[in-house]
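In what follows, a structure is listed as structure tokens, so that the remarks can point back to it.
What you are looking at is a predicted structure, and each value in this text was computed from that prediction instead of being measured. Convention: sequence-line order gives letters A, B, ...; per-chain numbering from 1.
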Amino acid sequence: MSREKSVKVKEVITSLCKLLSVLSVESIPTAEAFRRAKFNRKDAAVDMWSLLSRLLQKAFALDCACWDFRDQDYDMQLLFVRSALCYCGYGAPWVVGPWSPSHIKEVRSRDLLLAFGWVLSSGNLLDFMLAEKVHQFDTLSSAPLIPQGLILGQPDVAAHGPGEDASVKKHPVLQALQWEYGKLRLQWKSLLSAQEERSKFTHRVISSISPSAVCQPHITGSHHSNTTSTALDKELERIQALNGILEAYLDWKCHEPLFWCWMDSVIDSSLADASEVDLADWPPGERAVTVRCPHGDETRRAVRRLDKMLLRLQTELRARRIEQSTLTLTSQGGRQGASRLSESQRMEVEKKVSGYLEGLRLTNTSAITSRGFLPCLQDPQPTKTPHRFHTGEPGLDVTAGKLQASTALDELRERAAVLRWQLERLRQNMRMEMQRQAGTMERMVLIPPIKR
Amino acid sequence: MSLLHAVDEAVKMCKAEESRLTENVRQCKEILRSMRTRVTETSELETAAAIGTEADLLPGEKQEIELLEQVLKKALKIRSTSEAHKELRPNERKNKALFNYTVKEEDKRKLVKSVPLSETCKKPIHQRRAGGNVTHGGPWTRPVLVRKGPTAHPVVNGRPSVSKSASAKISSTRSQQKMCVKATNAEDNSPLVSCQEVSASGKDGEVSTGSVRSKEQWIPSPLLPAWRAQRTKQERLWKKVLTQQSKPVPERTKFTERLRDTFPSELPSVCPADITAELDVLTQRCLDLTHCLNAELQAQKDSESGTFREREYESFRMLEGLERMTAELITCADHRKKDWERWDMRISGALCPVRRRGEWGDPARSCLPPVLSYSSEAELRELESQRLRVEQLQQAVRLQQAMSDSLASYWSSRPVVLRGLYSLLAEGGVQFPSLVLDSESD
């Protein structure tokens, strides 16, 4: 019985290893190494270490410039691995301390195995890597755009030194900014037109997938057989490789429950040994803090910054509210207050306002197309009853993995409208402020450009 | 990060994205182009000239026949070994396993192609040899190259009948989708069999452009059916993947929970990476609210829209809403702060800040791209361009916020600076205001 079980376990681990290898993770150990790691064999530690390290490199990116992945510095590697594990929530003693290992050899293979299990189970890492591969291999898939970094409040326009005289440098800096901004606008225009062209060709390729499609006569084929085979050949190879990856993933999914059962047994054996071995590994009381990252306080600063901003905002709002209420009180006699508005007017205003506020909330959530998608031409005559979600939640569609273009389009249009409103408001705000300030200038009149 | 740097990064990102798209377009074009190949059929052929050059031809052909035979042997050898390799042991764990597999597939395919090629090539050549002594007689047909698609069982049928009839039309029988006749025709005067995969010399593709008599036909490429099959297979597999992915795996959650129980109890369940990500989101929302408030206050000063009462009520409601949202934000931020502090007590800043490379943190949210079904090309085009436009607008809003924060101190009475500032902040750099000197001459 146990022999059968061990064979099954080997099969399961092998399927995981195969999946990892097609997802381009390097230096994958054998299934045997996994088993040895469960029993804390020393030789398995090296294998598990390199696997864990490589996997984490694929999963995380360093925010600081402490370490280059090509570096062979083991201390830094240890710091990276510990940081990455801690940041994804792994709270084992060798990661979060207080006694941290000073050398990678001090970490036992079973601990590494458990950490590896945690990385896979606490999130969707394998799915993410699969999605990356799909976007890489499938010519027709629409990949998500690279996320843009956050520009926090009160940045410098240019990286000025503290002692420089800002007034002297204003003009060229401003000019540089204008130039860059113009470049950005142009870049977006060309990007949008490139996207249009791509959609056109994507559609053409998709429509030739179905066997009923006839090759359009106006596309010229190739004369030379050498070039003929290359493009379609390559595409065929890519799709075959992708299919291999998908099959490996499905295979893994079949075996997945068993793998986690086995990992459970690893926890069991680790708990059994815990009482004996644990603290003997590193000398108690000695905090082996070898390398420290200078950027480790980044989040603390971010928290303080956010606190400040929120406090300022809250105070401002409160002040305005008090001001407004006193204003209405004093002007009660003179002007009619808000209570004199008709019900319908009030409703209208309320609807407008709630629309604005909803929009504000919306812009900070991720769009329905934020993971990209795989386009697929719908059958013009669906044979089964159309399962259209007229009033369904868009979330429901997406969790089932199917998305209708019309739903996505609606959401995107809504978002675009909200963002345009936001942008226009900001600009209008600026316009009025600058016009007001210009009004105080002597001998000069600012004439704003004509609205086109 | 400084503003200029941020804009520069944005430009770079756009450029990278654009180059990716153009590369994609190029690939699509190549694929579409390679879906069809041209076939030329020869009609009447020179008789005397053809036969006359036969003697010259044979030595050249002999060489090619030898090459063909070599290839044939190699093909048979590799095919027999690749059959054994086909049952790849599941323990095949080499990193290059996949690569090897695809390479073998490709080799197999190519050689499968050349097997019937050589077989069928031989026939007409042999026949020709046999009938080569016939110096007179009707014109004969060019031997044609028969290429097969990548099928596992090459069906050698539909051999071109080498007829010595007067109407020398190459009759090619096509099996359902597996065969493709690809005749490469040299000039009428110099018939040469060019086996495209065997001979390195690029003698193929010499189409007799001058030949008025040759008809051209476009036929689908032999790879097309294979590609279609693979594509449909991929669609099917992907749908399976999506359904599988949505099924929960209770053993996995159990493992996670059990492992979490072994951690020190003061650690919160949210992990630091998620905390930092959420802090970013909260900061952005706070910025949004701040700017909204400023805009609202500004709008209050000059109420132009609607009646005074409506405007007042509107701003009253807006401020109320903003205050509510701020309160929510503050509660969220407080929670996160507390969570972070619990982690920080443990780490105390000794670790490097890392960031997840994607959005894989939440096991409840899928990160696999869904299948989007669209009904027309216009719909797809609009969808993709709207997607980009939303990204662009989002970036523009963020830049606008940052600019209005940092350029506030740049106010100066110099007209150049003023105009530049106005255009950037108020018009998005598109239009410029005019400044008019208003001096009254006394």
Below 4.5 Å from any heavy atom of chain B, which atoms of A:V134 appear? Answer side chain, backbone, both or neither.
-> side chain
Side chain, backbone, both or neither: which part of B:M325 has a heavy atom under 4.5 Å from chain A?
-> side chain
Which atoms of B:V241 come close to chain A, meaning under 4.5 Å heavy atom to heavy atom: side chain ones, backbone ones, both, or neither?
-> both
Which atoms of B:V397 approach chain A - backbone, side chain, both or neither, heavy atom under 4.5 Å | both
Go through the steps to decide whether A:L184 and B:Q395 satisfy the test side chain to side chain contact (heavy atoms under 4.5 Å, CB included), and finish with yes or no.
-> CA-CA 10 Å; A:L184 184 61; B:Q395 191 185 72; 3.6 Å; yes
If one checks every heavy atom of A:L409 against chain B at 4.5 Å, the contacting part turns out to be both
Specify the closest pair of heavy atoms between A:A405 and B:L372, including all atoms of both residues, with the distance to one decimal.
-> CA-CD1, 4.1 Å
Give a yes or no on whether the backbone of A:S208 and the side-chain of B:R228 come within a donor-acceptor separation of less than 3.5 Å.
-> yes
So which of B:K29, B:R389, B:E323 has the biggest tally of heavy-atom pairs under 4.5 Å with chain A?
-> B:E323
If one checks every heavy atom of A:R443 against chain B at 4.5 Å, the contacting part turns out to be both
Of B:L380, B:L297, B:L267, the largest count of non-hydrogen pairs under 4.5 angstrom with chain A goes to B:L297
Can you tell which part of A:Q324 gets under 4.5 Å to a heavy atom of chain B, answering side chain, backbone, both or neither?
-> side chain
Which portion of A:Q175 sits near chain B, non-hydrogen atoms under 4.5 angstrom | neither
Side-chain touch A:L79/B:L351, heavy atoms, less than 4.5 angstrom | yes
Which atoms of A:A367 come close to chain B, meaning under 4.5 Å heavy atom to heavy atom: side chain ones, backbone ones, both, or neither?
-> neither
Note, B:E384 side chain near A:P375 side chain (heavy atom, < 4.5 Å) | no
Does a donor on one side chain and an acceptor on the other come within less than 3.5 Å for A:N429 and B:Q298?
-> yes
Atom CZ of B:R381 and atom NE2 of A:H203: how far apart are they, to the nearest 0.5 Å?
-> 9.0 Å
Contacting moiety of A:M441, where chain B heavy atoms sit under 4.5 Å | side chain
Value for CD (B:Q244) from CG (A:L250), rounded to nearest 0.5 Å, stands at 6.0 Å
Interface moiety of A:L306 toward chain B, non-hydrogen atoms closer than 4.5 Å = side chain
State, without any angle test, whether B:Q27 and A:T139 hold a side-chain donor-acceptor pair at a distance under 3.5 Å.
-> no
Determine, for A:F128 and B:R357, whether the Lys NZ or Arg CZ falls below 6.0 Å from the six-membered ring centre while staying within 45 degrees of the axis.
-> no
Residue, of B:R355, B:K240, B:E251, that accumulates the most heavy atom pairs under 4.5 Å with chain A = B:R355
Any side-chain heavy-atom pair of B:P353 and A:Y87 under 4.5 Å = yes
With sequence neighbours left out, write down each residue that passes ring pair (Phe, Tyr, Trp, His ring centres under 6.0 Å) with B:Y422, or none if nothing qualifies.
-> none
Check whether B:W340 gets within reach of chain A through its side chain, its backbone, both or neither, counting any heavy atom under 4.5 Å.
-> side chain
Option in B:D8, B:L368, B:L282 with maximal non-hydrogen atom pairs under 4.5 Å from chain A = B:L368
Heavy-atom check, side chain of A:W118 versus side chain of B:T256, under 4.5 Å | yes
Quick one: CD on A:E235 to CH2 on B:W227, what's the gap to the nearest 0.5 Å?
-> 6.0 Å
Looking only at heavy atoms, the pair that brings A:S190 and B:E18 closest together is OG-OE1, 3.1 Å
Do B:L383 and A:F373 come close enough that some side-chain heavy atom pair is under 4.5 Å?
-> yes
Look at B:E235, B:Q401, B:K233 and state which one has the largest set of heavy-atom pairs under 4.5 Å with chain A.
-> B:K233
Ring center gap for B:W238 and A:Y249 short of 6.0 angstrom | no
Could you tell me whether the side chain of B:R346 and the main chain of A:G91 form a donor-acceptor pair under 3.5 Å?
-> no
d(A:L310 CG, B:R285 CZ) to nearest 0.5 Å is 10.0 Å
Atom of A:K402, atom of B:P370 and distance for their closest heavy-atom approach = N-CB, 4.4 Å
Go through B:V249, B:L289, B:I330 and name the one with the most non-hydrogen pairs under 4.5 angstrom from chain A.
-> B:I330
Heavy-atom distances under 4.5 Å only: say whether B:L329 touches chain A with side chain, backbone, both or neither.
-> both
Heavy-atom distance under 4.5 Å between the side chains of B:K15 and A:L191, does that happen here?
-> no
Kindly compute the distance separating SG (A:C261) from NZ (B:K254), expressed to the nearest 0.5 Å.
-> 6.5 Å
Residue from B:R231, B:Q230, B:Q234 passing side chain to side chain donor-acceptor pair (under 3.5 Å) with A:N243 | B:Q230
Between B:T276 and A:T299, a side-chain donor and acceptor under 3.5 Å = no
Salt-bridge criterion met for B:E377 and A:R204 (N-O under 4.0 Å) | no
Closest heavy-atom contact between B:C367 and A:R371?
-> CA-CD, 3.6 Å
